[in-house]
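Small disclaimer: the values here were computed from a predicted structure and weren't measured. Residue numbers run from 1 in the order of the sequence given. When reading the values below, keep in mind they use all heavy atoms of this one structure, side chains included, and skip hydrogens, waters and symmetry mates.
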Amino acid sequence: MADQRFPRAARLLAKAQFDAAFQAALRFKSPHFRLHVLATGEPARLGLAIAKRVVRDASDRNRIKRHAREAFRRARTEYHGHDFVLSAHAAPTGVAGVEIERELAQLFERGCAPR
């Protein structure tokens, strides 16, 4: 069974790490989210930047983050060699959690696909 934790080493924490991913040339978009991808060659890491001006309610922002971490955690070993920063550009209000996770999983897959 794969490691089911989401350890600190799998998270982007420093501003410099976020900035490097934001400046990377690879960006992918889905109906609600934007994904910035930086190829690193190291174990996959995830950073979340869900803006308050896009998703006003704190509980909705936390719900999005929870589903994003879960979608990433499930297939983290498949995303080896990439840093991801996820941001929302449209609030997914009224969308079921399963649908959010499916949208995010597809977005992560697109980010890892060979170019």
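Contact record, Y79 with C112: CD2-SG, 3.4 Å, taken as the closest heavy-atom pair. Here the closest heavy-atom approach between residue R63 and residue A96 is recorded as NH2-C, 3.7 Å. Nearest heavy atoms, R76 versus P7: NH1-CD, 2.8 Å. Considering every non-hydrogen atom in both L104 and A68, the closest pair reads CD1-CA, 3.5 Å. For P31 against A90, the heavy-atom pair with the smallest separation is O-CB, 3.9 Å. In terms of heavy-atom proximity, R69 sits nearest to L46 at CA-CD2, 4.2 Å.
Rounding to the nearest 0.5 Å gives a distance of 12.0 Å between CG of L48 and CZ of F84. Taken from CZ in R45 to CG in L38, the straight-line distance is 8.5 Å, to the nearest 0.5 Å. In this structure, L86 CG and L35 CG are separated by 6.0 Å, a value rounded to the nearest 0.5 Å. Expressed to the nearest 0.5 Å, how far CD of E99 lies from NE2 of H32 amounts to 10.0 Å. To the nearest 0.5 Å, the span separating NE2 on H36 from CG on L26 amounts to 11.0 Å.
A salt bridge does not link D60 with R56: every distance from a Lys NZ or Arg NE/NH1/NH2 to an Asp or Glu carboxylate oxygen is 4.0 Å or more.
Counting only heavy atoms from C-beta outward, the side chains of H89 and K29 approach each other to under 4.5 Å. Side-chain contact between S30 and Q106 is absent, with no heavy atoms from C-beta onward closer than 4.5 Å. Side-chain contact check for K65 versus I50: some heavy-atom pair is nearer than 4.5 Å. Taking the side chain as every heavy atom from C-beta outward, D83 and V37 never approach each other to under 4.5 Å.
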### Query
Hey, mind stepping through R66 and E70 against salt bridge (charged side-chain N to carboxylate O under 4.0 Å, His left out) and telling me if it holds?
CA-CA 6 Å; R66 187 171 55 251; E70 182 63 17; over 6 Å; no
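The cluster map of Ile, Leu, Val, Met, Phe, Trp and Tyr, joined by side-chain heavy atoms under 4.5 Å apart, puts V54 and I100 in the same cluster.
Side-chain N or O atoms of H80 include none that pairs as donor or acceptor with a backbone N or O of E78 at under 3.5 Å.
Ring orientation note: the planes of F18 and F22 are tilted relative to one another, at an angle of 30° to 60°.
Less than 6.0 angstrom separates the ring centroid of F72 from the ring centroid of F6.
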